[in-house]
J.: 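Okay, handing you the structure first.
Only this structure's heavy atoms are used, side chains among them; waters, hydrogens and symmetry mates stay out. Proteins get letters first, then strands, A, B, ... in listed order; numbering begins at 1 in each.
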2 protein chains.
Amino acid sequence: MDTITTELRDDILSGQFAPGDRLLEIQLAEQYNCGRAAVRSALVALTTEGLVEREENRGATVRRISITEAIQITQARSVLESLIAAQAAREATNEDHAELRVIIEQMRTAVGNDEGNDYSKLNALLHRRLREMSGHEIAAELVANLRNRAAHHQYRLAVMPGRSADSLEQHAAIVDAVVAGDEAAAARAMTTHLESVIEVLHRWGDANVR
Amino acid sequence: MDTITTELRDDILSGQFAPGDRLLEIQLAEQYNCGRAAVRSALVALTTEGLVEREENRGATVRRISITEAIQITQARSVLESLIAAQAAREATNEDHAELRVIIEQMRTAVGNDEGNDYSKLNALLHRRLREMSGHEIAAELVANLRNRAAHHQYRLAVMPGRSADSLEQHAAIVDAVVAGDEAAAARAMTTHLESVIEVLHRWGDANVR
DNA sequence: GTCTACAGGATTGTTAACATTCTGCCGTTC
DNA sequence: GAACGGCAGAATGTTAACAATCCTGTAGAC
């Protein structure tokens, strides 16, 4: 299997390799205890996923995502996740509803305890479960990829003061709509949530023009 | 460069390799006059693009897309291309407007002469130009990929009786909105268009349950 | 002092051979 | 006659060596 691809992807997403870092084939082959061919394969795959950049005869680096690109990624996520939310509102079972409510409760306590890290994980979990519940494999796959691409910028959001409180309410609204089985409301709530993320990215971008 | 990847992709999209066909590394290496490694690289890339399926120790085949998957693909396209249409309505220049109108005129004559093949090409051209005008690289990339994935099913639509006439009007509505600079109307027109495509796919799928 | 030419090292790209795995066929056995 | 086992062929997976390319640092010319 190309387990190497997932290992390398995870290491990039976890920040083990930072944007701009060179990805040397020999070094990676040694690190993951495999041949250069396997590394090469992984680099090609992650390149078409948009996580890695490769230049002819010059090797691979971890792709750098600009703020404007992060905004575009989030816009694409916005429309796709709204589609997912609508489908989830239609498809989710009673057990799903219960699970979603539990996640919201856990998020609430995480915000109360100011546990940014926990909140981030719950955030990702909630979105992932909604994707799974929607049964929309295509949209789910695309969104998962988009989230990976912008992972670094997402991280910035989490540590923004007062951000989690807003975010929590937005997520609660999404879950309420899904539990109520209201497709349109679920889509609207998701759009609202991600437009607020875009808003924050925009403000951060404007504050950092150089 | 991995020119092999684009060559193989084009050959799959043009139907040179049909869904389900085996893609043997040695044979492809001979056909494209390159080594197995280059073929391997292309197969990995096209696998993550969703065009090829690879199984451990069993080789690669051209991915088969079911009707339900084609519908999901078109749903995802629908929301993404609506986003693109809105951006295009905001960004397009006067020259862009003129070009779009020319394309619509050419489509009109193609429909009049019953030139299904020409119409298909113009259709693809119109959508591609809108993507480019929007300046939304992320959405453009995703849509291009989604179009490739469902290419085979798109072909079926083109030869459907009476379909081009409807399609032409829908495209004209999109262009009108873009030329008018009306973002919301452009998005709506694009959604309408692709929902009609989904409708056709649905009907075709229902007629072919086995 | 700056610029150019060139050599050396480092890294990617390519090729070929070998190892492993799967598949289909054939013969044996019950 | 059906089932099991093994063998041969084909295809993929892996490794290692070689070739081509790019970067860096140094020496020499002006």
Side-chain angles (χ1 to χ4, degrees), chain A residues 1-66 141 145 148-149 152, chain B residues 1-65 141 148-149 152:
Chain A
M1 276 214 270
D2 42 359
T3 171
I4 307 289
T5 305
T6 61
E7 283 186 45
L8 179 54
R9 187 193 297 114
D10 289 346
D11 286 346
I12 289 174
L13 294 179
S14 74
Q16 203 123 3
F17 296 103
D21 279 2
R22 293 193 67 185
L23 299 170
L24 302 183
E25 295 182 358
I26 311 178
Q27 174 190 310
L28 294 175
E30 193 170 322
Q31 179 167 342
Y32 296 119
N33 204 36
C34 64
R36 266 181 63 204
V39 171
R40 218 131 209 295
S41 206
L43 290 176
V44 170
L46 295 179
T47 299
T48 79
E49 281 184 28
L51 290 180
V52 166
E53 204 162 18
R54 256 159 53 97
E55 243 175 321
E56 187 86 359
N57 284 321
R58 281 148 133 266
T61 57
V62 178
R63 190 134 149 48
R64 258 205 187 87
I65 304 295
S66 68
E141 177 199 321
N145 173 249
N148 284 349
R149 293 204 210 185
H152 259 260
Chain B
M1 278 216 267
D2 44 357
T3 171
I4 306 289
T5 305
T6 61
E7 284 188 45
L8 179 54
R9 185 194 296 112
D10 290 345
D11 286 346
I12 289 174
L13 294 180
S14 74
Q16 203 123 3
F17 296 103
D21 278 3
R22 293 193 67 182
L23 299 171
L24 302 184
E25 294 182 358
I26 312 177
Q27 173 190 312
L28 293 176
E30 195 170 320
Q31 178 167 344
Y32 296 118
N33 204 35
C34 65
R36 267 181 63 203
V39 171
R40 217 129 211 296
S41 207
L43 290 175
V44 171
L46 295 179
T47 298
T48 79
E49 281 184 28
L51 290 179
V52 166
E53 204 162 18
R54 256 160 53 98
E55 243 175 321
E56 186 89 358
N57 285 321
R58 280 146 138 265
T61 58
V62 179
R63 191 134 147 49
R64 260 206 187 83
I65 303 295
E141 177 199 321
N148 285 348
R149 292 206 211 185
H152 259 262

J.: Between dT12(D), dC22(C), dT14(C), which one does the side chain of Arg40(A) approach most closely?
T.: dT14(C)

J.: For Glu49(B), is there an ion pair with Arg9(B) - N to carboxylate O distance below 4.0 angstrom?
T.: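 Salt bridge flag = yes for Glu49(B) with Arg9(B).
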
J.: Less than 4.0 Å between a side-chain N and a carboxylate O, is that true for Arg149(B) and Glu141(A)?
T.: yes

J.: So, does the side chain of Arg36(A) form a donor-acceptor pair with the base of dG13(C) at under 3.5 Å?
T.: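 Counting by modelled atom types and ignoring angles, a donor-acceptor contact under 3.5 Å is found here.
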
J.: To the nearest Å, give me how far apart CG (Asn57(B)) and C1' (dA19(C)) are.
T.: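 Atom CG in Asn57(B) sits about 11 Å away from atom C1' in dA19(C).
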
J.: Report yes if some heavy atom in the side chain of Val52(A) is under 4.5 Å from a heavy atom in the side chain of Ile12(A); otherwise report no.
T.: yes

J.: Taking CD1 from Ile26(B) and C1' from dG9(D), how many angstroms apart are they, rounded to a whole number?
T.: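 Rounded to whole Å, this separation is 12 Å.
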
J.: Report the distance from atom CZ of Arg58(A) to atom C1' of dA10(C), rounded to the nearest whole Å.
T.: 14 Å

J.: CD of Glu25(A) versus C1' of dG13(C): gap in Å, rounded?
T.: 8 Å

J.: What are the two closest heavy atoms between Pro19(B) and Arg63(B), and how far apart are they?
T.: CB-O, 3.9 Å

J.: Remember a base hit wins even if backbone is also touched, and classify Leu23(A) as base, sugar-phosphate or nothing at under 4.0 Å, heavy atoms.
T.: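 Sugar-phosphate contact only.
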
J.: In whole angstrom, give the distance that lies between atom CD of Glu55(B) and atom P of dG13(D).
T.: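 That distance rounds to 11 Å.
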
J.: From CZ of Arg54(B) over to P of dC22(C), roughly how many Å is that when rounded to an integer?
T.: 15 Å

J.: Ignoring the backbone of Ala37(A), work out which of dG13(D), dC22(C), dT15(D) is nearest its side chain.
T.: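 Looking only at heavy atoms from C-beta outward on Ala37(A), the closest nucleotide is dT15(D).
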
J.: What's the CG-C1' distance between Asp2(B) and dT14(C), to the nearest Å?
T.: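 Asp2(B) atom CG is separated from dT14(C) atom C1' by 14 Å.
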
J.: Expressed as a whole number of angstroms, how long is the span from Glu56(A):CD to dA19(D):P?
T.: 20 Å

